[in-house]
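Here the structure is laid out as structure tokens; the discussion comes afterwards.
Keep in mind the model is a prediction, meaning the values are calculated, not measured.
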Amino acid sequence: GKASYALLDVAKLGGSVAKPGPRSAFDEPLPLAPLRAFDARLDVEVARIAGAPVPIGKLAALAQLRSGKLAIDLTSATVANAPVQGQVTVDASGRAWRVDANAKADRIDVAALLRTPNRPDTTSGAIQGLQVLFGSQGTSVRELIRQAKLSARTAPFLLAVGGARSPVP
């Protein structure tokens, strides 16, 4: 199938999510059966994303679900005006969910990433060769968060915060 959205407001999505607490929906077992119930393929396009903590432009993705394994390939996207490639896999074929993700960008403009509307840029520089990896496994959202492993790598880059540029190894 194919789905196209003119606007996705990320800020409005958070209002219906339970807040983490001593015992909450975050501790409930994640449903495995829905991902195992059918196979599907979906092309998704979003023209504009609002309410995200960083500027995200138009994106397109291909999602394929087969035998409890969901693979999402980001076919085009921009973050802070930089092209980004990425993949996400959610594997519900076993006793727990397994989530893996990776994203790459050749160059991200730090001023565009941290830009605040109606304020002058105070930071400049570029992050070169950024790669982010994420992985986790669990039977609940809280367990996925607890087991999460996140890593980020970059090439050396120069960064200026309100003044002179200095290398960041």
Taken in chain and number order and not counting sequence neighbours, the residues that satisfy side-chain hydrogen bond (donor to acceptor under 3.5 Å, both in side chains) with Ser93 are Asp91
Taken in chain and number order and not counting sequence neighbours, the residues that satisfy side-chain contact (heavy atoms from CB on, under 4.5 Å) with Ala50 are Leu7, Asp9, Arg48
Any chain of hydrophobic side-chain contacts (each under 4.5 Å) joining Leu133 to Ile108?
no
For Arg153, the side-chain hydrogen bond (donor to acceptor under 3.5 Å, both in side chains) test, sequence neighbours excluded, returns Gln131
Review point. Could you walk me through whether Leu144 and Leu30 pass the side-chain contact (heavy atoms from CB on, under 4.5 Å) check?
Key: CA-CA 10 Å; Leu144 284 171; Leu30 292 166; 3.5 Å; yes
Asn81 atom CG, over 12 foreign heavy atoms within 6.0 Å
no
For Lys2, the salt bridge (charged side-chain N to carboxylate O under 4.0 Å, His left out) test, sequence neighbours excluded, returns Glu45
From the list Val79, Val84, Thr154, side chain to side chain contact (heavy atoms under 4.5 Å, CB included) partner of Leu130 resolves to Thr154
Looking only at heavy atoms, the pair that brings Leu32 and Ala96 closest together is CD2-C, 4.3 Å
Sorted by chain and residue number, the side-chain hydrogen bond (donor to acceptor under 3.5 Å, both in side chains) partners of Thr139 (sequence neighbours excluded) come out as Glu143
Contacts of Val88 meeting side-chain contact (heavy atoms from CB on, under 4.5 Å) (sequence neighbours excluded), chain-then-number -> Ile72, Val90, Ala101
Here the gap from Ser151 atom OG to Phe134 atom CZ, rounded to the nearest 0.5 Å, amounts to 11.0 Å
The complete set of side-chain hydrogen bond (donor to acceptor under 3.5 Å, both in side chains) pairs with one or both residues in residues 98-113, sequence neighbours excluded, reads Gln87-Asn102, Arg98-Asp100
Practice prompt. Please examine the side chains of Val99 and Thr89, heavy atoms only from C-beta on, and report whether any two atoms are closer than 4.5 Å.
Written response: no
Sorted by chain and residue number, the side-chain contact (heavy atoms from CB on, under 4.5 Å) partners of Leu62 (sequence neighbours excluded) come out as Arg41, Asp43, Gln64, Thr75
